[in-house]
Amino acid sequence: MRAKKATEHGRCLKCRRPLKNVSPDGLGPKCRAKVRRAARTESVHPKWQAAKAAELLELGAVIPLRQNRIFLVVADDGTEVYRTAATGQCNCPAGLRSVRCYHSVAAQYMAAA
């Protein structure tokens, strides 16, 4: 039996390295560890926002678009997709009112890793 090539499973969404195993979040093991570490060390956000952001990262609901500056983030109920920047801008209802939302927190965690 022939071994599968690394490119058959795609590439890491963060570093673009070939993935050897399928991962639901689209990240390789090193990038996933960096994202989790960044989520644990960040404490300037309220705990509920950090928990929601960590949940989004675990589910693979944060997709980088442009060089880790702009992200697509799926809402927690899965019905909406928001464009979010790591600097805090988001087009969700809270972000449009200039309130820091957990979508931007998740994007900040992803960019920091």
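Quick caveat: nothing in here was measured; it's all calculated off a predicted structure. Excluded from the calculations below are hydrogen atoms, water molecules and symmetry mates; all remaining heavy atoms, backbone and side chain alike, are included.
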Could you tell me whether Arg100 atom CZ has more than 12 heavy atoms of other residues or ligands within 6.0 Å of it?
yes
Those residues at least two apart in sequence (or on a different chain) that pass side-chain hydrogen bond (donor to acceptor under 3.5 Å, both in side chains) with Asn91 are none
Rounding to 0.5 Å, atoms CZ (Arg97) and SG (Cys92) come to a distance of 8.0 Å
Heavy-atom nearest pair, Ala86 first then Ala107, reads CB-O, 4.0 Å
- Message: With side-chain contact (heavy atoms from CB on, under 4.5 Å) as the criterion, how do Met110 and Leu56 come out once you've worked through the C-alpha distance, each side chain's angles and the decisive distance to 0.1 Å?
- Response: CA-CA 10 Å; Met110 184 73 124; Leu56 289 175; over 6 Å; no
The reported gap from SG in Cys12 to NZ in Lys30 (rounded to nearest 0.5 angstrom) is 11.0 Å
### Ser104 side chain reached by Tyr82 side chain, heavy atoms, under 4.5 Å
no
Nearest heavy-atom contact between Ala85 and Ile70 is CB-CD1, 4.2 Å
Do the side chains of Lys14 and Asp25 get nearer than 4.5 Å, heavy atoms only? no
Do Leu19 and Arg11 make a side-chain contact, defined as non-hydrogen atoms from C-beta onward lying under 4.5 Å apart? no
Q) Mind checking whether Trp48 and Leu59 sit in one hydrophobic cluster, side chains of I, L, V, M, F, W, Y counted as touching below 4.5 Å? A) no
The side-chain hydrogen bond (donor to acceptor under 3.5 Å, both in side chains) partners of Arg17 (sequence neighbours excluded) come to none
Rounded to the nearest 0.5 Å, the CD1 atom of Ile63 sits from the OG1 atom of Thr84 at a distance of 11.0 Å
Leu65 side chain near Leu72 side chain, heavy-atom distance below 4.5 Å: yes
- Task: Kindly indicate whether the side chain of Tyr102, heavy atoms from C-beta on, has any atom under 4.5 Å from the side chain of Asp76.
- Result: yes
**Study point:** Pairwise side-chain contact, His103 with Glu80, heavy-atom cut-off 4.5 Å (strictly under)
**Key:** no
By side-chain hydrogen bond (donor to acceptor under 3.5 Å, both in side chains), Glu55 pairs with (sequence neighbours left out) none
